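Handing you this structure, nothing more for now.
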Protein chains: 2
Amino acid sequence: MNSVNLLKLIAEAREDLRKSEQKVADFVLANPNDVIHMRIVDLAAEAEVSEPTVVRFCRALGHEGFQDFKLMLAQGLASNTNFEQFSLDSKDTVSEFKEKIFDSMIGNLLNIKEQLNPETLEEAIDALANARRVEFYGFGASAPVCTDAAHKFHRLKVSCTSYSDPHMQAISAVSLDDRDVIVAISQTGRTKDLLHTVKLVKETGTTVIALCPSGTPLAELASIPIHIDLEEDKDLSTLMSSRVLHLVVIDVLAVGVAMKLGPGLVDHLKTIKRSLRSLRQNDKRPPVS
Amino acid sequence: MNSVNLLKLIAEAREDLRKSEQKVADFVLANPNDVIHMRIVDLAAEAEVSEPTVVRFCRALGHEGFQDFKLMLAQGLASNTNFEQFSLDSKDTVSEFKEKIFDSMIGNLLNIKEQLNPETLEEAIDALANARRVEFYGFGASAPVCTDAAHKFHRLKVSCTSYSDPHMQAISAVSLDDRDVIVAISQTGRTKDLLHTVKLVKETGTTVIALCPSGTPLAELASIPIHIDLEEDKDLSTLMSSRVLHLVVIDVLAVGVAMKLGPGLVDHLKTIKRSLRSLRQNDKRPPVS
DNA sequence: TTAACTTTGAAATTTAACTACAAAGCCGCA
DNA sequence: TGCGGCTTTGTAGTTAAATTTCAAAGTTAA
């Protein structure tokens, strides 16, 4: 759509510019946030060039003029709130690494959102909606994800369980057939025990939906692989993000299934929420606003 | 920092504006993307008011002038890739509700990121880092969150468990004392059984960290309440988002504890990751790129 | 070293934003 | 209902900023 990162674009174009225009580029790259509020004379002065040069610089970058350029720059800077991968520094304050963790999480969500293929999701949703029984398999950090998924699908009145014990998985797996679906969840796509179970299941003709990185053994085995590829392993980011991403993908599947099974079910999710009220205690006093 | 959502701000301020300024507001709200490239005369004409009125409109919103306003608007629109709360429509395509779910998740993350108080986090991290033993309590959708949390803190060599069985909680709770910490996790902050356990625990002098909405009984009881307040309950958003938010907050706490216990531990998280390799199977063939 | 071309900036021009002020509308009080 | 004070809105003029023109300075190659 538009330039996600104008600054990067300027840096790349820098080489092709004239000498004095490069001065402008350098200043803009160094002080992008200030430039937004500058007038053309100020920028010209700061970059030690003349005003027309600034205009030529803007035109060279494909903009209408100085105003247009500033507008684009403003947009670029705003969107670019740097949801980049983070690297923790042992000197970081709480506030700093809080920011980093959240931003990296958001960055990953944005990436995966783009990456997810609607057709594949549709396929998975169809399979889940028509399944006689659904089972979720995963180990380690993925075990809680499976529990959560089962919890969610229960609410949709889907018959399901989750197992994070290889023996239980194996025992259960052989009892399934082509009317059933299993969802195998793995951050690595290479967990031996999980692969073992999936191979067992495949023999029975059961549909296998996998949430894992692409190009891994699990992805190859799955009937419907949903690829979750994170940016390369910077620090702990992967470790923390992938389970959350898996959860969100499960949410998407659950909503899809709910909608397929009939619009009433979407409401059912809400109803259950209400029925849980009885397990709650209410305040005795009015809320402190 | 800056206006996360200028349009919402305009909509709110609309009431306090003069009649002709409201016309401007209406046009801006209806065609925000066009306004960016408009001159003051164009906007004045479109809104059927005079130019000074447009300027007054900008000033009323607290901006320097028209240019300044346009700049802010541009920024707002760029960042505002609408991480708004969503409302599902039964006619939505997979692709559409995928977008909605992810965006709402991201919106909630952004909100909570701002909302989290670093001092409270610091306090919680201190308590966790110095605890003899840590236990995580939660029910329903929060149970998997507890499991995940325990999993994560185990990696930090912290002695911990998670219970989602009220009896187990109660039994375990009475064995704790002021050297210990429990983390109570609840989306509602009103779950009866959880409140019961927490009251038991409090008598022993154990520190109680709570992840729940503010103003709830649980938040009142906790020694260190970490407030997770989502926007009001639009559709399913809350249901889906809060557990993810809880997970991310736990991540922040875990990283904080890791850093407190010594920088070596941050590496330890990575080491464990490597040690898990033995449980994995590698590809036999080169990856299909 | 000079002719052709490219790059750059000073000054003039144009354009758009802003200000001052006056007209129109609104409200309360006689 | 009419009149004085107050608020709101627009007209016309002013100022400021962006853009264009054009000439000077710099660069390259024969």
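Here the structure is a predicted model, which is why all the values come from computation and not from measurement. Note on naming: letters A, B, ... go to the chains in the order of the sequence lines (proteins, then strands), and numbering restarts at 1 for each one. These values consider heavy atoms only, across backbone and side chains, with no hydrogens, waters or symmetry-generated copies.
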Over how many whole Å does the gap from B:Gln22 atom CD to D:dT7 atom P extend?
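Whole-Å distance recorded here is 18 Å.
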Check whether any side-chain nitrogen or oxygen of A:Ser20 sits under 4.0 Å from OP1 or OP2 of C:dT8, and answer yes or no.
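Looking at the OP1 and OP2 atoms of C:dT8, one of them is under 4.0 Å from a side-chain N or O of A:Ser20.
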Whole angstrom is fine here: how far is it from CG in A:Leu43 over to C1' in D:dA17?
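Between C1' of D:dA17 and CG of A:Leu43: 13 Å.
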Hey, does the side chain of B:Thr53 come within less than 4.0 Å of D:dG10's phosphate (OP1/OP2), counting only N and O?
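B:Thr53 to D:dG10 OP1/OP2: side-chain N or O found under 4.0 Å.
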Atom-pair distance (CD on B:Glu21; C1' on D:dT8), nearest Å:
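These atoms are roughly 9 Å apart.
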Could you give the CZ-to-C1' distance, from A:Phe66 to D:dT20, as a whole number of Å?
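Roughly 17 Å, once rounded to whole Å.
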Do the side chains of B:Glu48 and B:Lys23 get close enough for a salt bridge, i.e. N-O under 4.0 angstrom?
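Looking at B:Glu48 and B:Lys23, the cut-off is not met.
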Interatomic distance where CZ belongs to B:Arg39 and P belongs to D:dT19 [whole Å]
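That distance rounds to 13 Å.
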What's the closest nucleotide to the B:Ile40 side chain, out of C:dA17, D:dG10, D:dT19?
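Selected nucleotide: C:dA17.
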Take the protein atom CG of B:Asp68 and the nucleotide atom P of D:dA17, then report the distance between them rounded to whole Å.
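These atoms are roughly 14 Å apart.
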Closest nucleotide among C:dA17, C:dA11, D:dG10 to the B:Gln67 side chain:
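Closest nucleotide to the B:Gln67 side chain: C:dA17.
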Short side-chain N/O contact to D:dT20 OP1/OP2 from A:Arg59, under 4.0 Å:
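For D:dT20, OP1 or OP2 has a side-chain N or O of A:Arg59 closer than 4.0 Å.
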Counting only side-chain heavy atoms from C-beta out, which of D:dT9, D:dT27, D:dA18 sits nearest to A:Lys19?
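Per side-chain heavy atoms of A:Lys19, the pick is D:dT27.
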Distance check needed: D:dG10 P versus B:Glu48 CD, whole Å only.
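After rounding, the gap between these two atoms is 10 Å.
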A:Glu51 CD - C:dT14 C1' separation (whole Å):
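These atoms are roughly 14 Å apart.
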Is it the case that more than 12 heavy atoms not belonging to A:Glu96 sit under 6.0 Å from its CD atom?
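Yes, enclosed.
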A:Val54 near the nucleic acid: base, sugar-phosphate alone, or nothing, with a heavy-atom cut-off under 4.0 Å?
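No contact at all - A:Val54 keeps every heavy atom at 4.0 Å or more from the nucleic acid.
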Could you check which of D:dG10, C:dC18, C:dT7 has an atom nearest any side-chain atom of A:Arg18?
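Among D:dG10, C:dC18, C:dT7, the one nearest the side chain of A:Arg18 is C:dT7.
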Do side-chain atoms of A:Gln22 reach the backbone of A:Leu17 as a donor and acceptor pair under 3.5 angstrom?
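Checking the backbone N and O of A:Leu17 against the side chain of A:Gln22, a donor-acceptor pair under 3.5 Å is found.
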Is the distance between the ring centroids of A:Phe66 and A:Phe57 under 6.0 Å?
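Aromatic pair excluded; centres sit 6.0 Å or further apart.
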Which nucleotide in the list C:dG9, C:dT19, D:dT19 gets nearest to the side chain of B:Pro52?
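Output: C:dT19.
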Between A:Lys70 and A:Ile40, is there a donor-acceptor pair closer than 3.5 Å when you use the side chain of the first and the backbone of the second?
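Not a single qualifying donor-acceptor pair exists.
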